[in-house]
Every structure is written in structure tokens, then in C-alpha cells.
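By convention in this document, chain letters (A, B, ...) are assigned in the order of the sequence lines, proteins followed by strands, and residues within each chain are numbered from 1. Since we're looking at a predicted model, the values are computed, not measured.
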Amino acid sequence: MSNKPSIPKGTRDFGPQEVVKRNYIFDLIRKAFTRFGFQPIETPSFENSETLMGKYGEEGDRLIFKILNSGDFLRKVTDEELNSRNAASLTPKISEKALRYDLTVPFARFVVQHRNDIDFPFKRYQIQPVWRADRPQKGRFREFYQCDADVVGSQSLWQEVEFVQLYDAVFTNLRLRNTTIKLNNRKILSGIAEVIGAEDKLIDFTVALDKLDKIGEEKVKEEMLAKGISEDAISKVQPLFNVTGTASEKIKTLKSLLSTSEIGMKGIEELEFIVKSIDKLKLKSAKLEIDVTLARGLNYYTGAIFEVGAPPEVKMGSIGGGGRYDDLTGIFGLKDMSGVGISFGLDRIYLVMDELGLFPETVLETTKAMFVNFGEKEAMYAIRSMSALREEGIAVDLYPDSAKMGKQMGYADKRGIPYVILAGESEVKSKTYTLKNMKTGEQKTLDIDQLVSELK
RNA sequence: GUGGUUGUAGCUCAGUUGGUUAGAGCACUAGAUUGUGGUUCUAGGGGUCGCGGGUUCGAAUCCCGUCUUCCACCCCA
């Protein structure tokens, strides 16, 4: 058993049932993207390292899977470089490619590279796997799918409004109720930092604030102090720790807190527009909630920030996120191209839906009916009949060997095939079929037209 | 990257302070049942106890290393 086969940690095999269920989610997301006017693109699994490196912060660089150069990749490395044992300086010399870490940065690269062929505003969607050299844990894998929709080339806040509706549409179609779309704005966070005079500590401040509902007010303050934010500054934003009530009450609190900050007020204005619009339009199953502690995500967000929380009865991190980035393509040399986008975490949505039993039973019924094999003549009759059924779009199968009935029935039962068709000597003679419903045990004799309409 | 946890049959797990030939349930195969599955009964196959090393007369059991699983932190979908 020393050669027991295995797969790398954080990766998974998917059996037929899992793939069918995953495809169910993929299909609904893809349909929603299409209905909202997005067009599909795909980018390579791996990019040039310089495209990815440095875009996700230091932490992100560590989590990017690097691909070793082909051939004699150590030839050009000097002894000195090798002996220095400095991974950061050695890595670019032996690895020039890396697996994509998300879909947003490759998309930015795509936009810049194809700018002359793209009609702006450009609405694209992309459903592909990404890889992170992370340590796996619940809902966290090293290979997972992201389903992204972004718009570039428009600063209109209607995009944000539409993205909230898109989230709502997808989760409603998945029958995933009680999701929470948390909304914040980077400008509000900048405004807060400005008010307390700690602009340079914006990241530290927001990272600490983000943990509020997890570790509590006291611990957050402790962390802020530890990061060098003054006690005076913290007390200035005391109201921030208790922003409660309705959306308009929250906005009111924020307005009084940030009245001196121009950027902060701009952020509130944007937030208010989105909230008021959604209020008029109404959501079907999701809940939109202002959350000023929402700060996670990539540093490139400059406006709205979204994050979707799973239904509260499931313990799971966020199942989606996104936001506006005014200058994403700037890093690739294309300035003033505002973008906004959202992402669905397919693998986590799957886990949540599985836990809540939200997959319709019918998704597993991939094959509708199976013919029992009675022998050569009968098999020919079955094959002929199957052609007709398949042309009608009905998925049917024939047990390949004329094994014992019990065995054939057991096979159909285990595969979850809902109907078995018995076509033996007498049926062949009378050009009929005995259709057995595996759930009820009920059987009836039908001709081909009746069979088609029964299985359709 | 830090801390903890896990690994015994295809699956879920027992296995005493180290002591003969490592067990159960489910699953699998065959039969009871020659045109009827999910229930039942009977019989059978299947494990160098994750891997490597050490201690010992003797290791699934103790020690070290390593890989893997799951969890928390960091960060994030």
C-alpha cells in the first residue's frame, strides 16, 4: 500500500453526483450573468509572474503558486544567488510563470491588452478555477472556482445597484434564502481615517475594525492601539462601534461623524444612492445591510465594497464579494478606467447548499430510464427504441449485459434511475414497453408514443 | 507562515497498562429467487494498522521525523 494514490492537499476529486450538483449552480449563475448583459471571457490558468506578483500585497505573493521554469532552470543562477537562500530574489530567476490567484487581475490585464477591440463600457463574466497556496480549512481550498462579473469603463452607480440585484437574483434562483449583502464604501473608511488623523494607518485600522463582530469592541481597540493608533483617535470614532438601527439611521450617524471629511461625505452619498435605489426596487430573498466594519478584500477597492454572508444557520465565511476599483488597469498602464465587479465563491455556495439540502432531487436524475437487457434480439429492439427516445431529448440507457434481472434492477436502483423499461419477448412481439416506476413500483404497458410522453 | 488535531478493510469506526492468527457495521461478490430492485437469511473475498526510522524478546499501541485530514490564527471565496 506504499503506492497509495493521492492528490495534493486542498484539492478534491468530484464524483458524478458532485459534478451534477456543481453544474446546477454553475448553470444558474451563468444564466443570471447572461440575463444581466454580461459577456463571457476566459484567460489562461497561468500568467507571467510579473502580471500577478505585487498585486495582492505581501501575503498574496506568498500564496501565489509559482511554476518552475522548464529545462535546466538552475543554469543561469549564480552560486552566490543560490547560497544566499533568499527565496524572494531567487524565485524570479527560476520561475517566470504562476497560476492565477483570482480572476480580477487577469481581467485587468485582458482589458489593457485588448483595449482596442473592446467596446466600453465592457461587461464581462468569467467562471474559472483559481489557485492559492493556502492552508486548507473549512470552505477553504487550494483550488477553487470563482464566478466573476465586472464592468469597466463606467462610473455610474447604477452598476452597483444592478450588482446588488444580480446577487439577489442568483441566490433567489438557487433557493438560497436569507443571504446578507453587506455594503460599505472605501471612501467612508478613508474619511474615518482622515477624521482621526491616521490616514497612513488606514489598512491597519480597517483590518482591526473588520473583526468587530468576531472579537468584540475591546479587542478591536486593543489591536488598534497595538498598531499605533492613538487612544484619542479611537475615542473620536467611538460612535462607529455602535452604528445600529435602520439604514437611514446609520447614514445619519455616519454623516455627523464624518461631516468634516469631504471624501467621507462622498462615500456616504454613494452609499445612500445605492441603498435608496434598492429600497425602491426591492429584493426578492437577500437582505441589503450597511456594514461600516466591512473592510476585507483587496486593497484596490476605492468605492463600494460588497460582501455576501451565508444564511446565519450555516457557519461559513463569505460566499461572495466585490467592489469598485477606480484604477485597476492603471497598474498595467491604462489610466482612468473605473471598474466594479462581484464574485461568487462556487465551492462555498456548494457547501452551504449541501448543508441546507437545497439541491432539487431531480438534479441527480441524470438518466431518466434504463432498459433491461433480455438478450440479443431484445437488446436490438431496445437500442432502436432508445434512438427514438434520445431524439426526443430523453436520457436513456441499456444495461450492457443480459445479466440476471435482479442484478439489472439493483443497478438501476443504485444509480437513482427513476424508470426501468422492460422489453422482453412478448413486448417485442406486440411492439410495446413495460414501464416500471422505481419509486412506486407501478408498471404499465405502453406503445412508443405513450412512452415518449410519459418520460418527457 | 503560527498553534492544535487526525490517520486501522471501499466507507464509518472498535481494538484493554505493549503480548498468540487485528475486529464490527455498512458496502462488495455469490446463493436462497430461470421476467422484477430497495427488506430478510446464508456463505465468501478484502487490511504489511498513512509512510520512514527508533525503543523492545515482542509495537496498531511508546518515541522521533514526514505526509495527510480537520480546526483556529494570519489572510481570504
Side-chain angles (χ1 to χ4, degrees), chain A residues 1-12 15 25 29 56-64 87 101-104 127-148 203-204 206-208 210-211 214-215 219 223 294-299 306-310 315-322 341-352 370-375 378 399 402-428 433-443 445:
Chain A
M1 284 293 236
S2 61
N3 286 333
K4 216 175 200 169
S6 65
I7 53 175
K9 75 169 159 190
T11 65
R12 296 146 303 154
I25 303 176
I29 292 176
Y56 310 100
E58 212 176 301
E59 184 76 17
D61 282 0
R62 207 192 76 211
L63 298 178
I64 292 173
Y101 177 89
D102 71 358
L103 300 178
T104 308
I127 298 176
Q128 291 190 279
V130 303
W131 294 268
R132 295 184 187 178
D134 213 347
R135 269 227 208 158
Q137 51 180 278
K138 184 169 187 184
R140 175 177 294 195
F141 309 99
R142 304 218 286 187
E143 177 182 62
F144 62 98
Y145 268 81
Q146 287 193 332
C147 312
D148 275 30
I203 304 273
D204 286 337
T206 53
V207 166
D210 182 53
K211 295 175 189 161
K214 207 168 180 182
I215 62 176
K219 294 258 170 142
E223 184 168 330
L294 176 60
R296 330 173 72 165
L298 287 311
N299 302 328
F306 303 107
E307 183 172 304
V308 183
K315 206 172 158 244
M316 180 64 70
S318 63
I319 54 175
I342 60 170
S343 179
F344 292 84
L346 174 105
D347 300 83
R348 288 190 179 176
I349 291 172
Y350 178 96
L351 289 174
V352 170
M370 188 196 85
F371 277 81
V372 171
N373 191 327
F374 286 100
E378 292 87 348
Y399 194 88
S402 61
K404 268 196 269 186
M405 246 268 236
K407 190 174 168 140
Q408 300 194 41
M409 297 289 277
Y411 176 78
D413 186 42
K414 263 180 246 168
R415 274 192 53 186
I417 298 173
Y419 292 96
V420 164
I421 298 166
L422 301 157
E425 204 179 339
S426 62
E427 283 91 347
V428 170
Y433 307 87
T434 298
L435 180 69
K436 181 184 172 90
N437 181 323
M438 291 298 273
K439 218 174 232 165
T440 62
E442 188 192 347
Q443 284 183 204
T445 303

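Remark: the A:Asp413 side chain and the B:G38 base include no donor-acceptor N/O pair separated by less than 3.5 Å. Judged by atom type and distance alone, A:Gln443 reaches the base of B:U36 through a side-chain donor-acceptor pair under 3.5 Å. Contact annotation: side chain of A:Lys9 to base of B:U68, donor-acceptor pair absent below 3.5 Å. For A:Arg135 against B:C75, no side-chain N or O and base N or O form a donor-acceptor pair under 3.5 Å.
Going from the C1' atom of B:G52 to that of B:G46 covers 26 Å, rounded to whole Å. B:U21 sits 36 Å from B:C70 when the P atoms are compared, rounded to a whole Å. With both ends at atom P, the span from B:G15 to B:U2 equals 33 Å, rounded to whole Å. Nucleotides B:U69 and B:A43 have their C1' atoms positioned 37 Å apart, rounded to a whole Å. Spacing between B:A9 and B:C75 at atom P, rounded to whole Å, works out to 39 Å. Rounded to whole Å, the separation between the P atoms of B:G44 and B:C49 comes to 25 Å. Between B:G19 and B:C62, the two C1' atoms lie 15 Å apart (nearest whole Å). Distance check on atom C1': B:A30 versus B:C71 gives 44 Å, rounded to whole Å.
At the phosphate of B:A72, OP1 or OP2 sits under 4.0 Å from a side-chain N or O atom of A:Lys315. Residue A:Gln137 places at least one side-chain N or O closer than 4.0 Å to OP1 or OP2 of B:A72. One finds no side-chain N or O of A:Lys404 lying less than 4.0 angstrom from the OP1 or OP2 phosphate oxygen of B:G35. Contact check, A:Lys211 against B:C75: a side-chain N or O comes under 4.0 Å of OP1 or OP2.
Using a 30° and 60° split on the angle between ring planes, A:Phe371 and A:Tyr433 fall in the perpendicular class, above 60°.
Residue contacts shown for A:Gly139 include a base, since a base heavy atom lies under 4.0 Å away. A:Ile319 comes within 4.0 angstrom of the backbone, heavy atoms only, and of no base. Within 4.0 Å of A:Gly10, counting heavy atoms only, lie sugar-phosphate atoms of the nucleic acid but no base atom. Residue A:Val130 is classed as having no contact, given no heavy-atom separation below 4.0 Å to the nucleic acid. Within the 4.0 angstrom heavy-atom criterion, base atoms lie near A:Lys436. Residue A:Phe141 is classed as a base contact, given a heavy-atom separation below 4.0 Å to a base. Within the 4.0 angstrom heavy-atom criterion, only backbone atoms of the sugar-phosphate kind lie near A:Gly406; the bases stay farther away.
A:Asp413 is linked by a salt bridge (Lys or Arg N to Asp or Glu O under 4.0 Å) to nothing, counting only residues two or more places apart in sequence or in another chain.
Taking 4.5 Å as the limit, some side-chain heavy atom of A:Met438 sits within range of a side-chain heavy atom of A:Met409. Residues A:Cys147 and A:Ile127 meet the side-chain proximity criterion, which asks for heavy atoms closer than 4.5 Å. Annotation: side chain of A:Gln443 is in contact with side chain of A:Leu422 (closest heavy-atom distance under 4.5 Å). Contact of the A:Gln408 side chain with the A:Met370 side chain is registered, since non-hydrogen atoms from C-beta on lie closer than 4.5 Å. In this structure the side chain of A:Asp102 reaches within 4.5 angstrom of the side chain of A:Arg132, judged on heavy atoms. Inter-residue side-chain proximity for A:Arg348 and A:Phe144 is flagged as unmet; no heavy-atom pair is nearer than 4.5 Å.
Here A:Phe374 does not pack flat against the base of B:G35, since the 5.5 angstrom centre distance and 30 degree tilt limits are not both met.
Taking atom CE on A:Met405 and atom P on B:A32, their separation rounds to 16 Å, with Å as the unit. In this structure, CG of A:Asp134 is placed 13 Å from C1' of B:U2, rounded to the nearest angstrom. Rounded to an integer number of Å, the gap from NZ of A:Lys138 to C1' of B:C75 is 19 Å. Protein atom CG of A:Leu351 is 10 Å distant from nucleotide atom P of B:C71, rounded to whole Å. Between A:Gln146 atom CD and B:A77 atom P there is a gap of 7 Å when expressed in whole angstrom units. Between the C1' atom of B:U69 and the CZ atom of A:Arg12 lies a distance of 14 Å, rounded to the nearest Å. Nucleotide B:U36 holds its C1' atom 15 Å from the CD atom of A:Glu442, rounded to whole Å. One interatomic measurement links the two molecules: CD of A:Glu378 to P of B:U34, which rounds to 18 Å at whole-angstrom precision.
Which of B:G35, B:A77, B:U36 sits closest to the side chain of A:Arg348 comes down to B:A77. Among the nucleotides B:A77, B:G35, B:U36, the one closest to any side-chain atom of A:Met409 is B:U36.
Put simply, the side chain of A:Asp347 never gets that close to the backbone of A:Arg140: no donor and acceptor are under 3.5 Å apart.
Side chains of A:Asn373 and A:Ser402: a donor-acceptor N/O pair is absent below 3.5 angstrom, by distance only.
Mapped onto RNA chain B by nearest heavy atom, A:Glu425 and A:Asp347 fall at different nucleotides, with A:Glu425 at the one closer to the 5' end. Each of A:Arg62 and A:Gly441 lies near RNA chain B, and the nucleotide nearest A:Arg62 is the one positioned closer to the 5' end.
Consecutive Watson-Crick or G-U pairing (both distances under 3.5 Å) extending over three or more pairs maps onto RNA chain B as B:1-4 with B:70-73, B:10-13 with B:23-26, B:28-32 with B:40-44, B:50-54 with B:62-66.
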